[in-house]
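The structure under discussion appears below in the form of structure tokens.
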Amino acid sequence: TTGTYPARQADADALHVTLGTEHIAGSPFDVAITAGATCAPQVSVTGKGTVTAVAGADTPLRIAALDCYSNLKAKGGDAFTVTLTKPGMPNIFGRVLDRADGTYDGSYNVSARGQWTLHVKTGGVHVRGSPFAITVQPATVSPAASIAVGAGTEKAYTGETTVFMVRTKDAWGNDLG
């Protein structure tokens with residue numbers, strides 16, 4: 001005779017095997033139920049990096065590998081990719097560090113401001129919520145990257161008001177104003 005049962009909750013459990021109302025020898029059995037294979041549609045990605053970033057700054061993410069029943073994996077070993085895309089720009093590839101406990105520290109660094117798309121995948125499949133729409137904000141003003149433009153930067157006449165404009169930029173050339 002063969003018995004089966006559904007294991008959906010990763011935890012310690014007791015397996016009671018009876019014939020009629022009596023336990024067989026050794027029953028109940030202590031069963032250690034561990035998380036199954038990583039299931040991309042269940043994987044969780046959290047952190048401000050799923051929504052926004054600052055140009056030139058490392059932006060962190062936390063990835064949690066879950067099985068198809070939402071159980072956190074107890075160990076690492078999964079391969080995740082973090083890629084940012086924007087039309088007309090080269091792709092940006094992030095980094096992922098395996099914490100060996102089912103969680104992963106991800107990060108990326110983008111220097112161009114604007115709307116980007118963050119793709120987090122495992123096994124070539126998007127994880128839950130991916131792709132994410134990311135807004136990359138310019139960094140703080142950089143005097144070395146900022147410029148002055150206009151006639152007033154080249155010549156002026158006595159008794160007349162001369163006009164010029166300062167275009168503030170961050171260290172990566174993103175306009176701030």
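Just so you know, these numbers come straight off a predicted model, no measurement behind them.
- Applying the disulfide (SG to SG under 2.5 Å) test to pairs two or more places apart or on separate chains, none has a residue in residues 74-132.
- Proximity of L61 to L118: side-chain heavy atoms (C-beta onward) are separated by under 4.5 Å at one or more points.
- Shown here for D78 and Y104, the closest heavy-atom pair between the two residues is N-OH, 2.9 Å.
- Applying the disulfide (SG to SG under 2.5 Å) test to every pair with at least one member in residues 49-137, sequence neighbours left out, gives these pairs: C39-C68.
- Sorted pairs that involve residues 140-153 and meet side chain to side chain donor-acceptor pair (under 3.5 Å), not counting sequence neighbours, are lacking altogether.
- In this view, D58 and R95, N109 satisfy the side chain to side chain contact (heavy atoms under 4.5 Å, CB included) rule, not counting sequence neighbours.
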Exercise for review: Let me see the working for K75 and R99 under side-chain contact (heavy atoms from CB on, under 4.5 Å), right down to the final yes or no.
Suggested key: CA-CA 8 Å; K75 60 182 181 177; R99 296 171 51 91; over 6 Å; no

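- Residue L176 comes nearest to A139 through the heavy atom pair CD2-O, 3.4 Å, listed as atom of the first residue, atom of the second, then distance.
- For the residue pair S70 and Q42, the shortest heavy atom distance occurs at OG-NE2, 2.6 Å.
- Other members of the cluster containing L97 do not exist, because no ILVMFWY side chain is joined to it at under 4.5 Å.
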List the atom pairs, with distances to 0.1 Å, where a side-chain N or O of residues 79-91 and a protein N or O form a donor-acceptor pair under 3.5 Å, not counting sequence neighbours.
unit_1: T85; atom_1: OG1; unit_2: H119; atom_2: NE2; d: 3.0
unit_1: K86; atom_1: NZ; unit_2: R113; atom_2: O; d: 2.9

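- In this structure, D67 contributes its side chain and T38 its backbone to no donor-acceptor pair below 3.5 Å.
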Point to revise | Candidate pair T162 and Y157, rule side-chain contact (heavy atoms from CB on, under 4.5 Å), full reasoning | key: CA-CA 8 Å; T162 303; Y157 297 100; over 6 Å; no

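- Closest non-hydrogen pair, F29 versus A25, comes out as CZ-O, 3.7 Å.
- Around atom CD of E22, no more than 12 heavy atoms belonging to other residues, nucleotides or ligands sit under 6.0 Å away.
- Side-chain heavy atoms closer than 4.5 Å link hydrophobic residues (I, L, V, M, F, W, Y) into clusters, and following such links, even through other members, never connects V127 to L66.
- Residues F132 and I92 fall within the same hydrophobic cluster, defined by Ile, Leu, Val, Met, Phe, Trp and Tyr side chains chained together at heavy-atom separations under 4.5 Å.
- V166 shares a hydrophobic cluster with F164; the chain of contacts runs through ILVMFWY side chains whose heavy atoms sit under 4.5 Å apart.
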Scan the side chains in residues 45-56 for donor-acceptor partners under 3.5 Å anywhere in the protein, sequence neighbours excluded, and list what turns up.
unit_1: T50; atom_1: OG1; unit_2: G47; atom_2: O; d: 2.8
unit_1: T52; atom_1: OG1; unit_2: T135; atom_2: O; d: 3.1

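- Judged by distance alone, with hydrogens and angles left aside, the side-chain atoms of S107 form no donor-acceptor pair with the main-chain N or O of P60 at under 3.5 Å.
- Through direct or relayed side-chain contacts under 4.5 Å between Ile, Leu, Val, Met, Phe, Trp and Tyr, F93 connects to no other residue.
- No side-chain heavy atom of N174 sits less than 4.5 Å from a side-chain heavy atom of K169.
- Within the structure, every pair that satisfies the side chain to side chain donor-acceptor pair (under 3.5 Å) test and touches residues 123-132, not counting sequence neighbours, is listed here: H126-S130.
- Between T103 and I63, the closest side-chain pair of non-hydrogen atoms is not below 4.5 Å.
- In the hydrophobic clustering, V149 connects to I147, M165, either directly or through intervening members, whenever side-chain heavy atoms lie under 4.5 Å apart.
- Legend: disulfide (SG to SG under 2.5 Å) pairs involving residues 90-158, not counting sequence neighbours: none detected.
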